[in-house]
Amino acid sequence: MIDLSARYNPQETEDKWLKVWKASNVFHAAANVKKKPFTIVIPPPNITGILHMGHALNNILQDILIRYKRMKGFETLWMPGTDHAGIATQNVIEKELAKEGKKRQDLGREEFLKRLWAWRQEYGDTIIHQLEKLGSSCDWSRTRFTMDENYSQAVKEVFVRLYEKGLIYRGERIINWCPRCQTALSDEEAEHQEKNGKLYHIRYPFKNNPKEGVIVATTRPETMLGDTAVAVNPKDSRYIKLIGRILVLPLVGREIKIIADDFVSAEFGTGAVKVTPAHDPNDFVIGQRHKLEMINIMHPDGRLNEQAGKFNGLDRFEGRKRVIAALDMEGYLVKTEDHKHAVGHCYRCDTMVEPYLSKQWFVKMSPLAKPALKAVKNGTIKIYPEHWQKVYTNWMEDIRDWCISRQIWWGHRIPVWYCVGDEACQLKCKEPIVSKTTPEQCPHCGSKNLRQDEDVLDTWFSSWLWPFVTLGWPKDNADLKYFYPTHTLLTASEIIFFWVARMIMAGYEFMGQPPFSEVFIHGTVRDSRGRKMSKSLGNAIDPLEIIDQYGADALRFSLIINSGQDIFISKEKFEIGRNFANKIWNAARLIFTNCGPALEAGDYETLDVKALDLPSRWIISRFYETLDKTSKAIETFRYSEAENLVQDFFWGSFCDWYLEFIKGKFTDIHVQKTALFILKNSLKLLHPFVPFVTEEIYSKMNTKDSCLSVVSWPSLPWPVSQDRQKSLIDTDAFEQMQTVIDVIWAIRNIRTQWNVKPQDSVDVVLVPVNRQQEQLLEKNQGDIQRLGKVKTLTIDSKVQTVKDAASVVVNALKVFIPLGVLVDLAAEKKRMSQEVARKQKTMEGLQTRLNNPVFVDKAPRDVISKEKDRLSALGKDVKELQTVLANLS
RNA sequence: GGGCAAGUAGCUCAGCUUGGUUAGAGCAUUUGAUUUACAUUCAAAAGGUCGAAGGUUCAAGUCCUUCCUUGCCCACCA
């Protein structure tokens, strides 16, 4: 006899199964030609990460899919791992150092990196353990890291290949510079935020007429210190005659020319633009067109430099204030206006980014984008929900080169060396040496005095290789052949450009194949007020706390069933999953305590369909119906719908109706077998959603399976054979059962209406409309009696009316409950009249429609006949109701 | 400035692809129930002019147009 506690205890169960899964290595995947592969690569969380709801959502979705596919018989690989997250991780360590009053430069590169690796050793897998607690069925034996040895090899390989193809180049450009992190960022890493700023109008005087001048407008007045021209539109009549004249830059005294450039729009501001080629991307381009001098006025840390004259050494924001004050004092500041504009911010530290001139490495993107764009456009790679396709293609079509060098230490060092050489050969050796291995000597002059590029690569320059490097690339091995291309990628919208798009490009470039065939973009987890969950807002719900309090299954189930486009969640919502897990537990408890003989015999795999009663045939049909719909929902990423389906089936049909029907009939071995059959198959169906509680119950079901995680998904009967289809999916059973349920519902309804005490029984008279219905009711008489708390149940088709009874008509079937004094006849009359009136109104509408010749002429036949059926059914009901009403006295 | 998405019950969402029953579910609410698998439970009730206005159609929550509101993404008008 199996004894279960009255409440499901998640903690115990989860610990147990995490150990079992690990010990038996059930999630390990290996190339297996007998099976089809199904591969997912995890979006690798940062090693600095601690599990938040976003991770939880992402990984639960992946786990549902991978568990489903595993049960469907695929050789499933879910590849786990972490990302070194260059800037983010370096920032963490730098903060630690700061507490000791040190900077990374105090330690030196080597020591600093040692410290980083030590940190990685100690804390880098925290997130991995947290992902395990969710129940994630990754192949943990394969856990990868973006700075593993082979990963470094791959990154170098990629760099060298792209360089040799001419797709990587070094150049001096205006890039996004974070003065706090002191590194270049890519365009994607600079997040634009709308800010209320000022637009300053400044007069630049003519050299030969200092009283007059040209007024320019700027949002960053301090950059005027680096101005080398003023530009106007060549067609702007106000300025045409001024082109070529010389101005004197206020505060600085530099003479600058008025130039004409099409970029300038006459409409904005004053129509004249100050040109600062070293501090603005547009000005840089103008500067190149007009061969202007580029004057850098800023230190890498954001302080103004010696080029700023008396402002030298001031922080950029302080410098701005002082420049404005000085301009104002000397009479050059004409006016100041409020101005809204978008300013870039560092995505890692939120510092305002500075457009900054520096020498960086870039990847030329448009050749890489071509096949990646095509793949999505022609459906080779599908992106769901579909509207994200457009976001992807828009970005791809307008792709810009990717700045990949970072002036930090944590990351893949750029595999480029420069010859420091001897004096004589300096000219020849300007070409950088790009190599997968550390070169011994300069190929040009033979000098052994080489210096490696100080910079490291953008984190995403390694992440974009994730789907194939984790499988062993650049080595061509069996895993890579078998598991690549992977199948589904599940991720959040934030990293479509950073990661998804670039992976597709890398897949085509280095593997000649797409990295995956479908991408599902899921929503963002928000709090109940719609705000993004974040530590700084203090609205974050810690998934680990939820696991402690409600269990991992509860976290999983609740999060997913609440998922729409975005997910709005508050703590109470997790009760949904906890309650459901407990419901499953208790259903099992009931079945185990009552189905001992069949359970011990282990004999409930197949059922003798002919021996089954209506509720059994019905629940089996409901199961297969649910199975079909749920499978389809999972495969089309409708996860919350899938959970609704299984919950509705298990709770709403199996527990609320079936188990209630069979109470008291457990002596029947067929009933025992059916209950066990449905329970067992339900556990399979539920397993991807709530793996722990289902494993635990399944383990008590006397099967030979080592664990539920690896058993087969229940199969649909209908492709097997027509016979089985007929017997298992019984559409008649749906209809018949509905009638029985309706009768019980009607009885319960009347009981509540007339305040019959729950402990009191009532008498009921049922008047069936035909012989079939009569038989149906007779067969299920016992159930109706028990569930409706009926003392005497009379089934008699000849009864016209019953005295002092409340009554309901369901599909022409009359239900009478003689309640004697309990019934207020007047009130009952009123209630029934209202019912008649309501039905008659619907009938009128139908009648009008059916009388409309245009409708009859144009509407499809089946619609018309359906409407006719409805009308006649209503007509019957009304007729019956009226008979009852007439006899009510 | 451009684009995308959403607006259905107090709340969170489904239904819209392919127009055709009385627009559904969960939570919350109200009423009642606890010797009986589960009060993390059960039974029942109440709650919606489907953001607004037009249009197409025999028929619109569903299709079209415009507008309003909210959220998100992109963007070098200084």
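The analysis underlying the following values was restricted to heavy atoms, covering all of them including side chains, and did not include hydrogens, waters or symmetry mates. Just so we're on the same page: letters track the sequence lines, and every chain starts at 1.
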Greater than 12 external heavy atoms within 6.0 Å of A/Glu494's CD: yes
Sugar-phosphate, base or nothing in reach of A/Thr842, heavy atoms under 4.0 Å: sugar-phosphate
Identified pairing partner of B/A45, criterion: Watson-Crick or G-U wobble below 3.5 Å: B/U29
Among B/A78, B/C4, B/G3, the one nearest A/Thr219 by side-chain distance: B/A78
Touch class at under 4.0 angstrom, heavy-atom based, for A/Trp388 against every strand present: nothing
Gap between atoms CD1 and P, on A/Ile678 and B/A37 respectively (whole Å): 20 Å
Sugar-phosphate, base or nothing in reach of A/Lys757, heavy atoms under 4.0 Å: nothing
Touch class at under 4.0 angstrom, heavy-atom based, for A/Phe580 against every strand present: nothing
Nearest-nucleotide comparison on RNA chain B, the residue closer to the 5′ end among A/Ser640 and A/Asp648: A/Ser640
Side-chain N,O (A/Arg7) to OP1/OP2 (B/U41) below 4.0 Å: no
Short side-chain N/O contact to B/C4 OP1/OP2 from A/Lys390, under 4.0 Å: yes
Whole-angstrom distance between B/U62 and B/G20, as gauged at atom C1': 11 Å
Rounded distance in Å between the P positions of B/C27 and B/C74: 38 Å
Touch class at under 4.0 angstrom, heavy-atom based, for A/Val275 against every strand present: nothing
Sugar-phosphate only, base, or nothing, as touched by A/Glu660 at under 4.0 Å among non-hydrogen atoms: base
Side chain of A/Phe497 - closest among B/C74, B/U40, B/A43: B/C74
A/Arg578 (side chain) donor-acceptor with A/Tyr550 (main chain) under 3.5 angstrom: no
B/C68 and B/U21, which share atom name P, separated by this distance in whole Å: 33 Å
A/His339 side-chain N/O to B/A78 phosphate OP1/OP2 under 4.0 Å: yes
Phosphate OP1/OP2 of B/C73: any A/Asn394 side-chain N/O under 4.0 Å: no
Nucleotide B/C4, atom C1' - distance to CD1 of A/Ile383 in whole Å: 14 Å
Atom-pair distance (CG on A/Asn755; P on B/A45), nearest Å: 14 Å
Nearest-neighbour nucleotide for the A/Val854 side chain, B/A78, B/A45, B/C58 considered: B/C58
Minimum-distance nucleotide to A/Glu194 side chain [options: B/U57, B/A75, B/C73]: B/A75
Donor-acceptor contact present, side-chain A/Glu189 to main-chain A/Ser186, <3.5 Å: yes
Whole-angstrom distance between B/C72 and B/C38, as gauged at atom C1': 43 Å
Nucleotide paired to B/A52 in any strand shown, Watson-Crick or G-U, under 3.5 Å: B/U66
Separation of the C1' atoms in B/A5 and B/C16, to the nearest angstrom: 15 Å
Distance, P atom - from B/A39 to B/U35, rounded to whole angstrom: 12 Å
Test item: A/Ser653 side-chain N/O and A/Phe650 main-chain N/O as donor-acceptor pair under 3.5 Å: no
Mutual orientation of the aromatic rings belonging to A/Tyr658 and A/Phe654 [parallel < 30°, tilted 30-60°, perpendicular > 60°]: parallel
Main-chain N/O of A/Val690 paired with A/Arg556 side-chain donor or acceptor, under 3.5 Å: no
Shortest side-chain distance from A/Pro860, nucleotide among B/C73, B/C38, B/G20: B/G20
Touch class at under 4.0 angstrom, heavy-atom based, for A/Asp656 against every strand present: sugar-phosphate
Nucleotide forming a Watson-Crick or wobble pair with B/A59, both distances under 3.5 Å: none
Side-chain N or O of A/His192 closer than 4.0 Å to phosphate OP1/OP2 of B/C76: yes
Touch class at under 4.0 angstrom, heavy-atom based, for A/Asn282 against every strand present: base
Gap between atoms NE2 and P, on A/His387 and B/C74 respectively (whole Å): 14 Å
Touch class at under 4.0 angstrom, heavy-atom based, for A/Ala342 against every strand present: base
Atom-to-atom span, CD1 of A/Ile521 to P of B/A6 - whole angstrom: 16 Å
Rounded distance in Å between the P positions of B/U8 and B/U49: 12 Å
Atom pair OG1/CG of A/Thr674 and A/Leu679 - distance to nearest 0.5 Å: 12.0 Å
Residue closer to the 5' end of RNA chain B, A/Lys583 versus A/Ala272 (nearest nucleotide): A/Lys583
Rounded distance in Å - CD (A/Glu337) to P (B/A78): 12 Å
Backbone N/O of A/Thr276 and side chain of A/Asp280: donor-acceptor pair under 3.5 Å: no
Who pairs with B/A23 - Watson-Crick or G-U, where each distance is under 3.5 Å: none
B/C72: pairing nucleotide in any strand, Watson-Crick or G-U under 3.5 angstrom: B/G3
Candidate nucleotides B/C38, B/A44, B/A78, ranked by approach to the side chain of A/Ser265 - the nearest: B/A78
Any A/Arg578 side-chain N or O less than 4.0 Å from OP1/OP2 of B/U40: no
pair A/Leu199-A/Thr336: side-chain heavy atoms closer than 4.5 Å: no
Nucleotide of B/A44, B/C58, B/A78 approaching A/Thr752 most closely (side-chain heavy atoms): B/A44
Under-4.0 Å side-chain N/O to phosphate OP1/OP2 contact, A/Trp651 with B/C42: yes
Euclidean distance, atom CD of residue A/Glu191 to atom P of B/C72 [Å, nearest integer]: 13 Å
Span that lies between the P atom of B/U17 and that of B/G47, in whole angstrom: 29 Å
Nucleotide of B/U12, B/A25, B/A44 approaching A/Asn644 most closely (side-chain heavy atoms): B/A25
Distance in angstrom units between A/Lys866 NZ and B/G20 P, rounded: 9 Å
Side chain of A/Arg400 (C-beta onward), nearest among B/C76, B/A5, B/C58: B/C76
A/Tyr356 and A/Trp177 aromatic ring geometry - parallel, tilted or perpendicular at 30°/60° bounds: tilted
Sugar-phosphate only, base, or nothing, as touched by A/Pro355 at under 4.0 Å among non-hydrogen atoms: nothing
Presence of A/Asn562 side-chain N/O under 4.0 Å of B/C13 phosphate oxygens OP1/OP2: no
